[in-house]
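Just so you know, these numbers use all the heavy atoms, side chains as well, and skip hydrogens, waters and symmetry mates.
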Amino acid sequence: MAIADDLKKTLTDPTPLYFAAGTADLAVQQAKKVPELIEQLRAEAPARIEAVKNTDPKAVQDAVTAKVAEVFGAIDPKKIGETAQDLALRGVGVAAEYAVRAKETYDKVAEHGEQAVRAWRGEVSEEIVDIAVVVEPRPEPTPEAQAEPAAAAEERPAAKKPAARKSTAKKAVVTADDAS
């Protein structure tokens, strides 16, 4: 039955759908920024192209050659094994960190999607409802509303009261002789 319960839970969990809705909503928000970015690139492109044209290829080649020589010169063949093991352990740690971040991001996008779906449906957020309940005073009952519970109580048969419990503890009787 555990498999059936897990399957039922998986199929009824709305989080993946909220994640998809959140992703779509965020994509729409980012797509709205595209025309602005295109205009910015269009304004900056001539200057960047001119800078590339004016760059001396020989100077770039010399800079890259120097950097490569520096990197290869720093490699010690004796420490390659230790470095590889260290990098592998760091990779495992980084992968675990990324997994945690991915879960957090997934939850945030799903929450954003839930809010987006509520907004699309015209529903108010639960937080707003909770705040409204706390802030808004309860309305005073009208005289008609007060009369309705009394009439309803008369129509119902009287509820039986539970029998009183008898105490088995002995009561101490204090007499005048004991008090002195």
Side-chain angles (χ1 to χ4, degrees), residues 1-140:
M1 290 304 281
I3 295 173
D5 292 340
D6 288 344
L7 186 59
K8 182 178 178 182
K9 181 182 176 187
T10 300
L11 294 175
T12 58
D13 184 18
T15 306
L17 298 175
Y18 286 141
F19 177 78
T23 303
D25 189 55
L26 291 172
V28 168
Q29 289 176 7
Q30 294 301 318
K32 289 178 181 178
K33 297 177 183 179
V34 169
E36 186 178 304
L37 292 173
I38 291 174
E39 288 301 318
Q40 181 182 359
L41 288 174
R42 188 177 292 159
E44 294 175 1
R48 290 185 179 198
I49 292 171
E50 194 62 36
V52 171
K53 284 181 180 179
N54 293 335
T55 303
D56 182 22
K58 184 71 174 163
V60 173
Q61 182 181 3
D62 291 342
V64 170
T65 304
K67 191 66 175 173
V68 168
E70 178 184 331
V71 169
F72 282 124
I75 293 177
D76 184 7
K78 295 176 185 176
K79 292 187 178 181
I80 289 179
E82 294 172 7
T83 305
Q85 185 178 12
D86 185 46
L87 289 175
L89 290 174
R90 284 185 191 178
V92 170
V94 169
E97 182 180 344
Y98 284 154
V100 170
R101 285 185 187 176
K103 174 67 173 141
E104 290 172 355
T105 303
Y106 176 81
D107 291 341
K108 286 179 185 178
V109 172
E111 184 178 326
H112 179 84
E114 184 176 359
Q115 296 301 322
V117 168
R118 287 176 191 239
W120 297 338
R121 290 180 177 169
E123 296 176 6
V124 285
S125 171
E126 289 177 4
E127 296 169 355
I128 294 173
V129 172
D130 292 342
I131 292 170
V133 168
V134 172
V135 172
E136 290 181 3
R138 294 184 181 209
E140 293 295 324

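- Gln30 CD to Asp25 CG: the interatomic distance, rounded to the nearest 0.5 Å, is 10.5 Å.
- Atom CD of Glu39 has more than 12 neighbouring heavy atoms from other residues, nucleotides or ligands inside a 6.0 Å radius.
- Using a 4.0 Å cut-off between a side-chain N of Lys or Arg and a carboxylate O of Asp or Glu, Lys9 and Asp13 do not qualify as a salt bridge.
- Between Arg101 and Glu97 there is a salt bridge, with a side-chain nitrogen of the basic residue lying less than 4.0 Å from a carboxylate oxygen of the acidic one.
- Residue Leu11 holds its CG atom at 10.5 Å from CG of Asp6, rounded to the nearest 0.5 Å.
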Self-check item: Evaluation steps, side-chain contact (heavy atoms from CB on, under 4.5 Å), between Gln61 and Val64
Solution: CA-CA 5 Å; Gln61 182 181 3; Val64 170; 5.9 Å; no
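- Counting heavy atoms from C-beta outward, Tyr98 and Val94 have side chains that approach closer than 4.5 Å.
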Exercise. In sequence, state the C-alpha distance, the side-chain angles, and the governing distance for Glu104 and Lys108, and then conclude on salt bridge (charged side-chain N to carboxylate O under 4.0 Å, His left out).
Key: CA-CA 6 Å; Glu104 290 172 355; Lys108 286 179 185 178; 5.6 Å; no
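- Interatomic distance, NE2 of His112 versus OG1 of Thr23, reported as 9.0 Å (0.5 Å rounding).
- Annotation: side chain of Lys67 is in contact with side chain of Glu70 (closest heavy-atom distance under 4.5 Å).
- Note that CZ of Arg48 and CG of Leu41 are 7.0 Å apart. Values are rounded to the nearest 0.5 Å.
- A distance of 7.0 Å separates NZ of Lys53 from CD1 of Ile49, quoted to the nearest 0.5 Å.
- Heavy atoms from other residues, nucleotides or ligands lying under 6.0 Å from CD of Gln85 number 12 at most.
- Note that OG1 of Thr15 is 11.0 Å distant from CD of Glu111, once rounded to the nearest 0.5 Å.
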